[in-house]
**Q** 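Please read through the structure below; I'll follow up with questions.
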Amino acid sequence: MKIKMTVLATALLAAACSNQSAPEAGGDAAQAPEAPKVLNVYNWSDYIAEDTIANFEKETGVKVTYDVFDSNEVLEAKLLAGNTGYDIVVPSLTFLSRQIQAGVFQPLDKSRFTQYGNLDSEIMALLAKNDADNAHSVPYLWGTTGIGYNVAKVKAALGDDFPLDSWAMVFEPETLAKLKGCGVAILDTPSEIIPPVLDYLGEEPNSFDEAVIQKAVDRLALLRPSITYFHSSQYINDLANGDICVAIGWSGDIIQAQARAAEADKGVEVSYIIPKEGAPMWFDMLAIPKGAKNVDNAYLFIDYLMRPDVMAGVQNYVAYASANQAALPMVDQTILDDPGIYPTPEARQGLYTLAVLPPEVDRLFTRHWTTLKTGK
Ligand code: N2P
């Protein structure tokens, strides 16, 4: 008790001394309790530079608790259940859009940002289609969903002449069966697998029609025996180590696998392609849930991430594109020149954004996905 009193007295004294305009004797001496210098962030795995958090903590004195996820569906379940305890979350735009409608996020007061002008206005206009006036979110990184593969193993299994620029590599059952032996990984999310299958089959990738969606499901059932696992982050190391030879995955993750393989120097070469038929492109968005306890620090962190040097540092580490125009001069030339990260104008033509799924289509996707994975 005595110790506590002493600590309290010292704290009060320190607070009084640091107060420039100390109240006059007899005035109101009550101090607003200082907000805790903490921040709880929930971001995708493998999605920030090694030193981003530490540098922010050093600069601001805010202690960050940083948790990771690898699935929009998992994040959404938490957000809809409420009280996540997080001050910042990073859903993909189409999921965010549905979550805004569910009233999950607080509108952002953009006047609190000093770095907002760094964002690319064309991209902001595109994003505003799913978040009107960009009212609830700030773009973090964007990328594509494509194919990562082990060059030597895939060539050995399919032959030197097999075209490696098409979804045929993974969406033709007989072809995938040839890759089964060296390991096949698929992202564990129906929302980014069903659309490219439909697109490959010549259907509208964002169809909400049950009969059309069934066509993708039937094709996936034929592919199922050749799929080693469904997972959305394990494939990075597995590709890098040569434990799998093909993955449907995210651009930057596969380019990280490529870098890890090169660093390990054990003769594994990983390549990423945006298939010629086209591919999903997506944007991951920073947003503050309603009920966040550390809103001031959340603004501070989002503003920090928009700083050109900070964003360039993130991009150089995780190999994703950003919407930060001012960061570009600090982004490594190898990243800017990599068509897997910044697609060529030709590849861009084939990219499509994903639809905001109505709840009944979302449920249908989930049902089909569970059946596919468990066979039930
Ligand atoms: C990073 C995952 C990329 C985000 N590991 C996919 N939207």
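Only this structure's heavy atoms are used, side chains among them; waters, hydrogens and symmetry mates stay out. We count ligands from 1, going down the list as the structure has it; atoms in each ligand are counted the same way.
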**Q** Is Tyr149 close to Ile273 at the side-chain level, that is, under 4.5 Å between some pair of heavy atoms?
**A** yes
**Q** Does a donor on one side chain and an acceptor on the other come within less than 3.5 Å for Ser92 and Thr94?
**A**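 Ser92 vs Thr94: no donor-acceptor pair found between side chains.
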**Q** Hey, does Leu93 have a side-chain heavy atom less than 4.5 Å from the side chain of Leu127?
**A**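 Yes, their side chains come closer than 4.5 Å.
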**Q** Which side chain to side chain donor-acceptor pair (under 3.5 Å) pairs, counting each pair once, include a residue from residues 339-361, with sequence neighbours left out?
**A** Gln315-Tyr342
**Q** Taking 4.0 angstrom as the limit, do Glu172 and Arg219 come out as a salt bridge?
**A**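 Salt bridge: yes.
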**Q** Would you tabulate the polar-atom pairs, meaning N/O of ligand 1 against N/O of the protein, with distances under 3.5 Å, reported to 0.1 Å?
**A**
residue  : atom  : partner : partner atom : Å
ligand 1 : 5 (N) : Ser45   : O            : 2.5
ligand 1 : 5 (N) : Asp253  : OD1          : 3.0
ligand 1 : 5 (N) : Asp253  : OD2          : 2.9
ligand 1 : 7 (N) : Asp284  : OD1          : 3.2
ligand 1 : 7 (N) : Asp284  : OD2          : 2.9

**Q** Just checking, any donor-acceptor pair under 3.5 angstrom between side chains of Asn55 and Glu59?
**A**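 Side-chain D/A pair, Asn55 to Glu59: absent.
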